[in-house]
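What follows is one structure encoded as structure tokens, with my remarks underneath.
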There are 2 protein chains.
Amino acid sequence: MGEQKQKKREFLDILVALRQIIRATDLHSKHVMKVCGLTVPQLVVLLAIEELGAVTVRQISKHVSLSQATVTTILNRLEDRNFVKRTRNTTDKRVVNSCLTDKGRAVLVDTPPLMDGHFMLRYEKLDSAKRAEILEALQEVANLMAPEEGTPIPPTDDGELTPLL
Amino acid sequence: MGEQKQKKREFLDILVALRQIIRATDLHSKHVMKVCGLTVPQLVVLLAIEELGAVTVRQISKHVSLSQATVTTILNRLEDRNFVKRTRNTTDKRVVNSCLTDKGRAVLVDTPPLMDGHFMLRYEKLDSAKRAEILEALQEVANLMAPEEGTPIPPTDDGELTPLL
DNA sequence: ATCAAATGTTTTGACCTGTAATCATTCGCT
DNA sequence: AGCGAATGATTACAGGTCAAAACATTTGAT
């Protein structure tokens, strides 16, 4: 009977850890915003454009694991502030290609940290076995949470580049 | 020299896993919203009130690890929809006490899942050693990300109940 | 040629989240 | 008693995030 309680406790512990991680991640993003004027998601989108060149919204969305709508709103802000330039593709007028402006390129020369420096320092102090264990556990959780199994790496194979991030 | 690259790769992997986890968590919250009409944060606040009784905003905020402002906005929505009732404390008119309404109590009788059922099912299938490893890793990461070390459990000891979540 | 389905993007609407500023009260000192 | 500091809550503002709806365009089938 107490076994159910036990299970509940276990999930609660996971929930608590996850919430702390999510909160810390968000706080870091806010911090980066104050320091360098761009949030982590904005930087990630910028990096994706740098890596992929003139790229469609959908490609960015896949690459950074965000919905198309989210990427659009991030692009709006980035374009307002002149970090990227959007141009409609001439051959297919549905698609929009995004490029970095000089300002956009400039802000990336000295990439601000996407991850909390505090965390990185402490993480690096761990021995590599521990680090591997942690990484593996995180990936395991991510997989467990993935929408559907069967295709851990979905056979999108639609010419996508490595969907890093 | 390729050692730096290696480190970078490692952090990138962590970042990717974290982003997927955060995204999945958010998606689950949206899903819960569609199914039961309340998001996970709203449920968590409701549960905190159920557990703590007539409680101040600050206490809720501590209990659920969210800022006071965030709790206020969540309470706004919950009060608008008549799940909670706020009353100013008579002895100290600065403080606001929140209580569940009948409707609020009712919605909690069959607590909707705070965690993705899909995830829970798959997680339960793992052997307990693996599960322990995962939980430990998550807590390790949460600690590594905590604002300051030295006081893993900060000596708040201000009569708080267990700050679960 | 035409019209429906598919595709790519943006808009809309709802929520979560935090910091900083503001408001109201209470407390502590003199 | 009175005034400034501390405390509790809310508001204002800036983002992130998504699903669904709305648009625009292209493609495919007739």
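The sequence lines fix the lettering, A, B, ..., with proteins before strands; numbering per chain opens at 1.
Of all heavy-atom pairs between Thr73(A) and Thr70(A), the closest is OG1-O, 2.9 Å.
Residues satisfying the ring-ring contact (aromatic ring centres under 6.0 Å, His included) criterion with Phe11(B), sequence neighbours excluded, are Tyr123(A).
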What's the verdict on salt bridge (charged side-chain N to carboxylate O under 4.0 Å, His left out) for Asp102(A) and Arg105(A), showing C-alpha distance, side-chain angles and the deciding distance?
CA-CA 5 Å; Asp102(A) 289 344; Arg105(A) 252 181 303 278; 3.0 Å; yes
For nucleotides 9-21 of chain D, just jot down a letter per nucleotide in 5' to 3' order: B, S or -, based on protein non-hydrogen atoms under 4.0 Å.
BBB---SSBBBS-
Please list every donor-acceptor pair under 3.5 Å in which a side-chain atom of residues 134-141 of chain A meets a protein atom from a residue at least two apart or in another chain.
{"from": "Glu136(A)", "atom 1": "OE2", "to": "Lys130(B)", "atom 2": "NZ", "distance (Å)": "3.2"}

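When rounded to the nearest whole Å, the span between CD1 of Ile60(A) and P of dT10(C) equals 10 Å.
Thr91(A) comes within contact range of the sugar-phosphate backbone alone, with a heavy-atom separation under 4.0 Å but no base atom that close.
Judged purely by distance below 3.5 Å, without hydrogens or angles, the side chains of Arg86(B) and Asn76(B) pair a donor atom with an acceptor atom.
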